[in-house]
Amino acid sequence: MIGNILRFKTAVALVLLGLLTLLAGIGQKTIWAPPATVTASVPANGTAAPLTVVDQKLRTLHGGTVKIHVKGEGNFLLASGRPDDVNAWVGKTAHNTISGLSEDRKSLTVEHADGEATAPSPAGSDLWVTTENANGELDYSWTPPADGDWSLLLATDGTKAAPSDISMTFPNDTSTPWAIPLMVIGGLLVVGGVALLVLKPKQRTPRSGTPGDGSSDGSGSGNPESDAVEAKEATTGSAFARRARARAADRARTREAGSTPAAGDTGRAPRTATTSTRRRAAGAAVALLTAAAVAGTGVAAQASQSPSPAPSGSTGTAAPSAGGTPILLDAQFRRILEQVSAATDAGDAAKDAAKLAPRVGGTELEVRTQNYKIRSQVGSYESRMPVRATKLLTTVVSSKRDWPRSVMAVTQGDGNVVPQLLTLVQASPRENYKLVGATPLQPGTTFPAINRGGTETLGADDKSGLLYSGQEALAGLGDRLTNADSAFKDKLAEGQSSPYIADTLAYQADVVKSGANGNFAFTHKAVPEDTVVFRTADGGALVLGRLNFGFDGTPKNSGDKLTIGDDAAALAGGKETSTGMVLNFAESVAVYVPPAGSKDPMKLVAATRGLVGASFK
């Protein structure tokens, strides 16, 4: 009776405990579940600054998309760019950096850096991949435009304070690691309690021998007379005797069942083998359920303590090497190229160099400026080849992230008889890319393969892994163009369908032959500061640069006169001179240099020239 009561109480306790545990697990998934998002704001007592930077690590702080809400007065912009680009553009300007969250996750951590009070307007910078313009208020979902790290820049026009009413909403960690284990444990406890109630032991039934067969149940001697005496003693004897006889009978029956009674089990009804087996099965079931619950708890605890993977860009995660990241995405490149093409079209149409200035510089600005001047006086003078953003055949982007930065495009649009190589250079972070060279590809020439995912650029005098450095290659080309018997005659190849070298040598020979009353000298000198070197896929290099082509003429005898063409006269202010003249051409060229150890010669890939100066001595 006592065992039944204890078993019933234990079963009820297990069921109640299981229900409470089950409800606790369900509650973690429902009424106690954490909020889906967390919103934090910039403190109101911060220091004003013309620029505000949002650190890249906030984008991956909790995973998922971060939403930003900004309120400000008037117009402002929010631009995204690589962290090093954003920092380079900010430079020495005073700025605030939103770098993290407070411990209670209600405020954004803001760090202030003193510096210059104003900056140029960041609008239109080539460093930004995307730009959001707003008036008064902006809601922005921060999604990366490509792999890697990205920061944000918030500003007005660079002179006024950047908006400071900023809030950011982050995805919250809604995981409840104990919810499922609690529900599992609760269910197991309920099942265990029910099982304890259901698996009851059977009631003992006394055994008796079969009449007439002489068998005994172990409590008698098998002799009727002796048994009658014992029965009488059992009813009339002392209580001690009765207890002794009962113990003896229990021991006899236990021996028949093949088991030993537990110590202290005197005076109790004997347990049959079937009853003991059932009790052991019930105990084993409860033990199994308890072990499973404990095991589930251990697994849950282990899972909740296991560190989650660090987000991309956070401390402890290897970030992509900045040196291997291309300086422009395709979308940026196309946008820049379209603006370059539009500027050159506007300048060419109006013959106005001022319209070129925002997007054209260096050699190309000089050549087109002089071309406009000559064409304003000589209608038959040939215009420069138009610059087209399409058809875009290929792009070459450097992975060199310091300045100046260089990129190149190969296009062939309307008005381009052959593809042209467009070389663009960004001199500093706050300047935009400008076209410095537009060089037509020589007919029949194959453009060397260059990794479009970002390639290495080398200095003009860097010969690493190359047969010649960029400076040596251009100097060799200059010597080859100057002297018919140059030492580079066999070191610099040119196909029969692209005879720029042969044409230049023939032109110089014709001038000497036709100008019998003059002495003439020609030079082709490389300009190292205008040299750009891109590593090619085979380990060689493509060298783009400028040669200054000088044409010096002096009369042989006193009174002799030299005559120049109409194009040169437009720049010199006259057609004849008795003292001498100097003509200057800018030659834009591209030379392929084989890798070190190669037996192949260099190849002239592209070349053109334009008259940039004419004067009398």
Side-chain angles (χ1 to χ4, degrees), residues 328 330 332-345 347-348 356 359-360 362-365 367-368 371 382-398 406-425 433-455 457 470 473-474 477 492-504 530-538 540-547 586-593 602-610:
L328 291 177
D330 284 346
Q332 283 176 283
F333 203 135
R334 291 179 182 274
R335 184 185 71 225
I336 294 167
L337 202 56
E338 288 172 358
Q339 293 177 4
V340 168
S341 178
T344 53
D345 278 351
D348 290 349
L356 300 175
R359 283 298 185 178
V360 183
T363 299
E364 195 61 28
L365 178 61
V367 171
R368 287 185 183 267
N371 182 274
E382 185 178 6
S383 62
R384 292 286 285 182
M385 183 181 290
V387 174
R388 300 295 184 226
T390 57
K391 180 181 177 181
L392 181 59
L393 302 180
T394 190
T395 58
V396 177
V397 179
S398 171
S406 303
V407 296
M408 185 181 68
V410 181
T411 66
Q412 187 178 10
D414 294 340
N416 299 151
V417 179
V418 295
Q420 59 179 340
L421 312 185
L422 305 177
T423 307
L424 293 83
V425 173
Y433 282 90
K434 292 187 177 183
L435 177 69
V436 298
T439 313
L441 198 68
Q442 293 292 281
T445 301
T446 301
F447 187 76
I450 300 178
N451 182 14
R452 293 189 67 241
T455 189
T457 56
L474 294 187
L477 174 61
L492 184 62
E494 184 180 44
Q496 294 180 354
S497 59
S498 53
Y500 182 82
I501 296 174
D503 286 351
T504 301
D530 290 349
T531 303
V532 178
V533 184
F534 294 101
R535 182 79 71 178
T536 56
D538 63 356
L542 182 65
V543 181
L544 299 101
R546 170 176 175 167
L547 299 178
E587 291 181 299
S588 296
V589 298
V591 177
Y592 166 72
V593 178
M602 295 185 290
K603 295 178 182 179
L604 183 63
V605 175
T608 189
R609 61 173 173 263

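Keep in mind that this is a model prediction, so the values were computed, not measured.
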**Q** Are R334 and T395 close enough that a side-chain donor and a side-chain acceptor fall under 3.5 Å?
**A** no
**Q** According to salt bridge (charged side-chain N to carboxylate O under 4.0 Å, His left out), who are the partners of D330, at least two apart in sequence or on a separate chain?
**A** R452
**Q** According to the salt bridge (charged side-chain N to carboxylate O under 4.0 Å, His left out) rule, which pairs have a member within residues 386-397, sequence neighbours left out?
**A** D345-R388
**Q** Can you list every salt bridge (charged side-chain N to carboxylate O under 4.0 Å, His left out) pair that touches residues 436-449, not counting sequence neighbours?
**A** none
**Q** State the CG-OG1 distance between N451 and T536, to the nearest 0.5 angstrom.
**A** 11.0 Å
**Q** Would you say the side-chain atoms of T455 pair up with the backbone N or O of R535, donor to acceptor, closer than 3.5 Å?
**A** yes
**Q** Of all residues at least two apart in sequence or in a different chain, which pass the side chain to side chain donor-acceptor pair (under 3.5 Å) check with S341?
**A** none
**Q** Drop me the distance from T423's OG1 to R546's CZ, to the nearest 0.5 angstrom.
**A** 13.5 Å
**Q** Show the nearest heavy-atom pair for residues R359 and A343, with the distance to one decimal.
**A** CB-CB, 3.7 Å
**Q** Just verifying a value: how many Å separate E338 CD and L392 CG, rounded to the nearest 0.5 Å?
**A** 10.0 Å
**Q** Knowing that exactly one of L474, V543, T439 qualifies, which makes a side-chain contact (heavy atoms from CB on, under 4.5 Å) with V589?
**A** L474
**Q** Which residue, L337, T411, L422, forms the side-chain contact (heavy atoms from CB on, under 4.5 Å) with V387?
**A** L422
**Q** Please round to the nearest 0.5 Å and tell me the distance separating atom OG1 of T608 and atom CD of E587.
**A** 9.0 Å
**Q** Between the side chain of N416 and the main-chain N/O of G413, is any donor-acceptor distance below 3.5 Å?
**A** yes
**Q** Distance alone, cut at 3.5 Å: any donor-acceptor contact between the side chains of Y433 and Q332?
**A** no
**Q** Just to verify, what does R384 make a salt bridge (charged side-chain N to carboxylate O under 4.0 Å, His left out) with, not counting sequence neighbours?
**A** E364
**Q** I'd like to check the salt bridge (charged side-chain N to carboxylate O under 4.0 Å, His left out) partners of D530; sequence neighbours left out, ordered by chain and number.
**A** none
